[in-house]
Structure formats: C-alpha cells, structure tokens
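So the structure is just underneath, and the comments pick up after that.
Remember, it's a predicted structure, so these values are computed and weren't measured experimentally. Within every chain, numbering begins at 1; the chains are lettered A, B, ... in the order of the sequence lines, protein sequences first and strands thereafter.
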2 protein chains.
Amino acid sequence: MERLPKRQRHQQLSRLIEENPFLTDRELTRLLKVSIQTIRLDRLELAIPELRERLKMMAERSYDPVRSLPLHEVIGDIVDLQLDKSGISLFEIREEHVFSRSGIARGHHVFAQANSLAVAVINDEIALTASADIRFIRPARLGEKCIAKAYVRSSGSQKGKAKVEVFTYVGDEMVFQGNFVIYRSRMAGDAGPEGGEAHENRG
Amino acid sequence: MERLPKRQRHQQLSRLIEENPFLTDRELTRLLKVSIQTIRLDRLELAIPELRERLKMMAERSYDPVRSLPLHEVIGDIVDLQLDKSGISLFEIREEHVFSRSGIARGHHVFAQANSLAVAVINDEIALTASADIRFIRPARLGEKCIAKAYVRSSGSQKGKAKVEVFTYVGDEMVFQGNFVIYRSRMAGDAGPEGGEAHENRG
DNA sequence: CGTTTTTTGGCACCAGGTATCAGTATGAAC
DNA sequence: GTTCATACTGATACCTGGTGCCAAAAAACG
C-alpha cells in the first residue's frame, strides 16, 4: 500500500497551515476529510503547534522591536565610535535575516551593517555612500553575532570624500570586507553627486 | 471619595496592556491588586479585548502580506529572466525604504534589488554572492521605480564562478551600477568559499 | 489469516476567557 | 439612621481550542 495518503496529507497540512496559520483543527478537518484526532496526531508528528501558539508566535515576532522597524537608520548596535577614525557595531543574525532553508544571512543585511557603520563613522551632518567594493568571505548564519569594525583611511578634508574600510567578523573569522567611498557634505560645498545613503545624524 | 483609584487603575491597565499585550487577566490581577472580575469589568469598560483577541489582531497585522515579508527572497519583481543571460526587475521605492527626512532610499535596498537579480539570473540551485563592486550614481527617491537590468558576462562553466553586471535606472537615469561575482554550486563540486547570499530557487 | 499501522471516538482536563447573578463595602444624600 | 449608587468580589455555567490518554475500529500488509 502506498503510505502516500498519510504523507500527502502531512504535506498538505504543512502547506495549508503555512498558507493560513489561522486555521483551527476543526477547519482542517473539513479541508482534509479526516477526523479531528487525526489532524492532531498529524500536528504532533509534524511538530506544528496549536493555533493559539502559532498566533502567539506571530504576535511575538511582530512585537519584537527589532522587527517592527525592519531596517532602521543604523543597522546594528554601535558600541564604539571615534568620529573620523573608527567604529564598531554589533549585529546578531536573527530569524528574519536569513533564508529559511539554509539559515544563511541575506547578503544585504551584512552589507547594511557595514554600510551603516561606514556612514556613521563620518563626522558630518550628511554622509552619502558613493561606491563600495565588497567581499562576502564566508556566509553568516542564524544566531551568529557579527562584529563590524570600520576604519577611516582618509578623512578627505580636501576632496569631500572619505575612504572607509570595514571588516566584519564572527568570532575571529572574517565574514565580510568592504571598501567604501563616502561623500561628505561639509568640506566642499557641493561635493559632487549624491550617493545612495544618507546619514541623518543619530547615535 | 476620590474616584481616582478607578480611573488611575484604568489608565494603568491601558498602559500595562499597551506595553505588554501578552498579559493575562490573572497577571494583571497581581499587578493591579484587584480581583479578576474587576480586571474584566475594566477591560469591558475600556473596550480592551481579551488576550487571545489581542494576539490574534497582532498576528493578523504581522501576517499582512505587505508588512510580513519586509525583505523577501527576491527584492523587486522580476519581469524578465533569461537564465544565464539576463534579467530585469522592478522595485518601487516606498515609504519604508527611505530615510524619513531626506526621502532618499537606503542604499541596501537598491543594493538588495541588484543583488537579488544577480543571484536569480544564475541558472543553478544554489548561487551565492562572492563579491561585488558597486557604485551609487545618484540617490533613488521615494516613489521612484527602479529598473534593474542584469547581464551575465561569463557564465563560469569552467570555474564555478559567474560574473554578473547590474545597472539600475530610474527612467533613463542610471542610479546604481554593480559588478557581482556569483559562486554557483553545480559546475565544479566545491566552488570555493560560500558567498553571503543564497538562491533558494523561486521565481 | 494474523499483525501492524492508521484512523477514529470518547472522556477528562486545561487556559483564558464570556455572561450572569448575587453578595459586600463604602460613601453620599435624604 | 435609612436609602441609594457605585465599586468591588465571588461563584457558577458555559465557550473555544486545544492536550493527553486509552480503546476500538478500520485499513494495509505480509
């Protein structure tokens, strides 16, 4: 006999709940044409929590301050900042930053941390990323804490440009490295084309 | 007699629940030193729904498709895709993508569109961004529609690496340009270090 | 056929409530 | 003092959406 029916139902169940986590067991009963006990056995086997737990988890996620402001001005917590010299920020790879299947952080989050720090370290009202040269050295994974260190290589007092080098580590492993060129507003009145990133003077 | 106690309690109750919507009536009992019946009367008067309803509402809000996936697998709508050749994606700069003050798009969104497209255009189960060389030519602003065009310059059948060039336009103005190096899984067994971006085979 | 897996039914129980009725305390009004 | 209104508390029945457990029925398999 094909055990498929059960497995198929399991797949369907997973899919249905993923599509609509608000389904009660009773509603699933109608959709899958099996008894409510079977639904519950299935959820047990598949480790799918009950409706209320699902809603609670969703509510918790949406209540999470980190997630509620999906991408704030500065990505990562800046723990050290010496303007026009260097800076350090921390960023923990969480559920919402990774691909669900692989657990690998989406590149732009890692990029965003580095970019934010590169912009923040510039001592100016407005700073704009002009260009960047970046390398993903190894993937950052769920749960890992990324430590980004930025060093201002040339503050660009003369040209309105600054070069900032950023290294991102997990532990002592480098995961990312980038060279950023940042336009700054103060030095030369209009210091060329605007970049793609604004620094709006906060922490 | 001051009716303040009741009003104060009502204020406190509202504040407590706003701060932590996960509080049950029983927990509120402890915090406000009144009976559970009083808590329930208060909630009734203040039209504060029960815990489960609160969680459900939060879950529903977070399930809102627009809000729930702030940064999905692929940023931007891919409107054309010729695997291992080229691709086009559209991305509208919305409120949540810009700095509130300047209305300028945060760089990593523009980057993310380009990066997503560069990865998507590679015809392979897993594709990882290894490095990138990017330039923000002018800022993208709120409401603008970014059109990213990706061209595979060398599909890398031999080395497990592919080079992809991406140009992003608003109208006929170029706002971003990037050269991406993408590792691909299929060609050579272990094609070197993993990059920072995974392609999980969708659309 | 017998055995195993799968499915179903039934029952007790739980949290976190709603709804309703009754009783108590307290202070102000007459 | 008595009466009345308001606030608070208690108790009970009931609801939803489950868990946990046990037993029986049904289906599939060798």
| Hey, can you pull the residues of residues 42-56 of chain B with a non-hydrogen atom under 4.0 angstrom from DNA chain D? | B/Arg52
| said: Give the residues of residues 27-39 of chain B touching DNA chain D, defined as any heavy atom closer than 4.0 Å, sorted by residue number. | reply: B/Val34, B/Ser35, B/Gln37, B/Thr38
| remark: Residues at least two apart in sequence or cross-chain that pass side chain to side chain donor-acceptor pair (under 3.5 Å) with A/Gln37, listed by chain then number, are A/Ser35
| query | Under the side chain to side chain donor-acceptor pair (under 3.5 Å) test, which residues partner B/Glu92, sequence neighbours left out? | reply | none
| said: Checking A/Arg30 now: which residues fulfil salt bridge (Lys or Arg N to Asp or Glu O under 4.0 Å) with it, not counting sequence neighbours? | reply: none
| query | What residues form a salt bridge (Lys or Arg N to Asp or Glu O under 4.0 Å) with B/Asp133, not counting sequence neighbours? | reply | B/Arg135
[atom1] of [X] versus [atom2] of [N]: gap in Å, rounded?
X       : N      : atom1 : atom2 : value
A/Leu41 : D/dA23 : CG    : P     : 16 Å
B/Leu23 : C/dG17 : CG    : P     : 10 Å
B/Phe22 : C/dA15 : CZ    : C1'   : 17 Å
A/Arg26 : C/dG9  : CZ    : P     : 12 Å
B/Lys6  : D/dA7  : NZ    : C1'   : 6 Å

| In terms of ring plane angle, is the pair A/Phe111 and A/Phe180 parallel, tilted or perpendicular, where the classes change at 30° and 60°? | tilted
| task | Looking at every strand, decide which applies to A/Arg40 at a 4.0 Å heavy-atom threshold: base, sugar-phosphate, or nothing. | result | base
| query | Under the side chain to side chain donor-acceptor pair (under 3.5 Å) rule, what pairs show up with a residue in residues 42-58 of chain A, not counting sequence neighbours? | reply | A/Lys6-A/Glu45, A/Arg9-A/Asp42, A/His10-A/Asp42, A/Asp25-A/Arg43
| said: According to side-chain contact (heavy atoms from CB on, under 4.5 Å), who are the partners of B/Leu90, at least two apart in sequence or on a separate chain? | reply: B/Val79, B/Ile147
Can you give each donor-acceptor pair under 3.5 Å made by side-chain atoms of residues 166-178 of chain A, sequence neighbours left out, with the distance rounded to 0.1 Å?
unit_1, atom_1, unit_2, atom_2, d
A/Glu173, OE1, A/Arg138, NH2, 3.4
A/Glu173, OE2, A/Arg138, NE, 3.4

| request: Could you work out which one of C/dT7, D/dG17, C/dG17 sits closest to the side chain of A/Thr24? | output: D/dG17
